[in-house]
Amino acid sequence: MANSYLHYVNSDTVIIVIDTAQGFINHQAKAFLDRAIPHYHPYIEIIDGECHHVARYECYPDMVFYFDNKGLINQEEQVIEDYLCRTVYHYKSKAYRIVKDGHLQLRALEPKKANNTFVASAAVQSMEKLVIYNGSPRRSGSNSTLILKKVIEALGERVEIRDLKKRDKWEVWAEDFKSEKDVMFFMPLYVHAMPSHVMEFIEKLQPSNGSISFFVQSGFPESSQSHYLEAYFQQLALRLRRTYLGTAIKGGVEGLQMRPMKAQEKMIEPIVKTIVNLVLEGNFIPKNIQQLSRPVRLDKGMKILYLLFTKFGLINYFFWDQQLKKIKHMKKGLTVLTYL
């Protein structure tokens, strides 16, 4: 990717030809979009009640996508299109799709809300054991790992955590998935969807009986950022023929470990409670899910606070500037700092 960055940002148009898998863009395409994030600053601006990364450059190339819809149902095709358009919207570009309709046509895509209410969540019996796949891309010290340690403390042997960074276990786990009764994928949000290695593992899964649930934690405080991934997970559950128990979303988790210990515990507690209730009751409690997902978008008061903090540089100073200084300290001689 480093060899492509200069060509990418100096182009007028970038055409991306994508393979699909399991009703979504495949993991190579997801990795490409993830690794385009260094074209933007880590700093935040508020647009339409949502956090966006600040542009690093004056302009960006138009992004044109082509993917074959063979093997996709209409809802899956729409989920992919909505996701790509949403990503381009945050990447401050214009989105287009090449479609076949007798002949090739170029169609402009307009950002819209995700269709994340297509599949209703269900319920199962109390779970004897919940297998949770940890989708954090970090090998250690991640927020996901910290939270899941608390889940183990609360549930003991009724939960098993599997770290998807352990690629040598994937073949065994993919085979186990066929007979696992209750499964959850727990992950951070990466460019409006799962980290690419999580998608790579999902591609190995086959339809089977049992339940499936998802938990997405994101750095941005508003849950609307995760709705496009939620829409895909609903379709994935149908494709895998599993009972869909729902997707829990918690925003504002970035910087968790920079908080005092009591503040960390206060943020983690409702997440753990939600998973414990799922195991004990066999379903997500709607009230808990709604509370976790707030705010869906930033209201006027929160936008004013963000603007004030941003104007005086407080958010950048206390978080991103410290992170960048830490990276520079760890990698002496690094003059251009990016993050991923």
Side-chain angles (χ1 to χ4, degrees), residues 33-34 36-37 39-56 60 82-93 95 110-117 143-144 147 187-194 214-233 246-260 263-264 266-271 274 284 286-324 339:
L33 293 176
D34 289 351
I37 198 73
H39 294 304
Y40 307 84
H41 288 294
Y43 306 128
I44 304 301
E45 61 181 343
I46 308 300
I47 300 176
D48 194 23
E50 295 179 327
C51 295
H52 288 232
H53 288 295
V54 175
R56 187 182 294 271
Y60 293 91
D82 290 347
Y83 165 73
L84 292 174
C85 186
R86 173 68 171 191
T87 299
V88 174
Y89 169 63
H90 269 256
Y91 277 180
K92 307 184 187 304
S93 299
E110 297 296 334
K112 59 183 179 181
K113 290 184 178 180
N115 185 5
N116 61 328
T117 57
N143 291 334
S144 295
I147 293 167
M187 72 199 72
L189 187 72
Y190 262 51
V191 190
H192 301 297
M194 74 296 288
F214 304 90
F215 203 116
V216 182
Q217 54 94 354
S218 66
F220 292 155
E222 63 278 5
S223 63
S224 62
Q225 305 278 7
S226 301
H227 288 174
Y228 299 83
L229 180 54
E230 181 181 18
Y232 168 62
F233 283 154
T247 301
I249 301 171
K250 173 61 179 172
V253 181
E254 189 64 68
L256 169 66
Q257 297 181 58
M258 297 177 67
R259 302 180 180 215
Q264 289 185 33
K266 185 177 180 181
M267 175 173 283
I268 293 173
E269 181 182 1
I271 300 175
T274 298
F284 282 129
K287 182 180 178 181
N288 291 353
I289 298 300
Q290 291 172 4
Q291 289 177 342
L292 280 175
S293 67
R294 294 174 184 162
V296 176
R297 288 176 182 261
L298 302 179
D299 60 24
K300 187 175 180 180
M302 295 182 73
K303 283 191 284 186
I304 292 173
L305 282 176
Y306 260 77
L307 289 172
L308 287 174
F309 285 142
T310 302
K311 181 178 180 180
F312 293 103
L314 297 178
I315 294 177
N316 294 342
Y317 177 79
F318 286 110
F319 186 73
W320 287 117
D321 287 351
Q322 300 305 314
Q323 294 293 313
L324 294 175
Y339 77 105

Atom pair CD (Gln225) and NE2 (His52), whose distance is rounded to the nearest 0.5 Å:
6.0 Å
Return yes when atom CD of Glu269 has more than 12 non-hydrogen atoms of other residues, nucleotides or ligands closer than 6.0 Å, and no otherwise.
no
Just verifying a value: how many Å separate Ser226 OG and Met194 CE, rounded to the nearest 0.5 Å?
11.5 Å
Arg86 CZ to Tyr228 OH distance, which is reported to the nearest 0.5 Å:
4.0 Å
Residues passing the side-chain hydrogen bond (donor to acceptor under 3.5 Å, both in side chains) test with Ser144, sequence neighbours excluded, are Gln217
If you measure from CG on Leu256 to CD1 on Ile268, what distance do you get to the nearest 0.5 Å?
5.0 Å
Mind checking the CG-SG spacing from Leu298 to Cys51? Nearest 0.5 Å is all I need.
5.0 Å
Kindly indicate whether the side chain of Glu50, heavy atoms from C-beta on, has any atom under 4.5 Å from the side chain of Ser224.
yes
Check for a donor-acceptor pair, side chain of Gln264 on one end and backbone N or O of Arg259 on the other, with a separation under 3.5 Å.
yes
Thr274: which residues meet the side-chain hydrogen bond (donor to acceptor under 3.5 Å, both in side chains) condition with it, sequence neighbours left out?
none
Should Lys92 and Arg56 count as side-chain neighbours, where that means a heavy-atom distance under 4.5 Å?
no
As an exercise, state the distance from CG of Asn115 to NE2 of His227, rounded to the nearest 0.5 Å.
12.0 Å
Once you measure the plane-to-plane angle for Phe214 and Phe233, does it fall in the parallel (<30°), tilted (30-60°) or perpendicular (>60°) bin?
parallel
Mind running side chain to side chain contact (heavy atoms under 4.5 Å, CB included) on Leu292 and Phe215 for me, showing each step along the way?
CA-CA 11 Å; Leu292 280 175; Phe215 203 116; 3.9 Å; yes
Between the side chain of Arg297 and the main-chain N/O of Asp48, is any donor-acceptor distance below 3.5 Å?
yes
Passes side chain to side chain contact (heavy atoms under 4.5 Å, CB included), Leu189 versus Ile249? Steps please.
CA-CA 10 Å; Leu189 187 72; Ile249 301 171; over 6 Å; no
Could you tell me whether the side chain of Ile37 reaches within less than 4.5 Å of the side chain of Tyr190, counting heavy atoms only?
no
Has the side chain of His53 got a donor or acceptor atom that lies under 3.5 Å from a matching backbone atom of Ile44?
no
Exercise: identify the closest heavy-atom pair between Val296 and Glu222
O-CB, 3.1 Å
Where is the tightest heavy-atom contact between Tyr83 and Val191, given as atom of each residue plus distance?
OH-O, 2.9 Å
Would the distance check show the side chain of Ser223 and the main-chain N or O of Arg294 forming a donor-acceptor pair, the cut-off being under 3.5 Å?
no
Step-by-step side chain to side chain contact (heavy atoms under 4.5 Å, CB included) determination, Met267 to Asn143
CA-CA 11 Å; Met267 175 173 283; Asn143 291 334; over 6 Å; no
When Tyr91, Tyr40, Tyr89 are each screened for ring pair (Phe, Tyr, Trp, His ring centres under 6.0 Å) with Tyr60, the one that passes is Tyr40
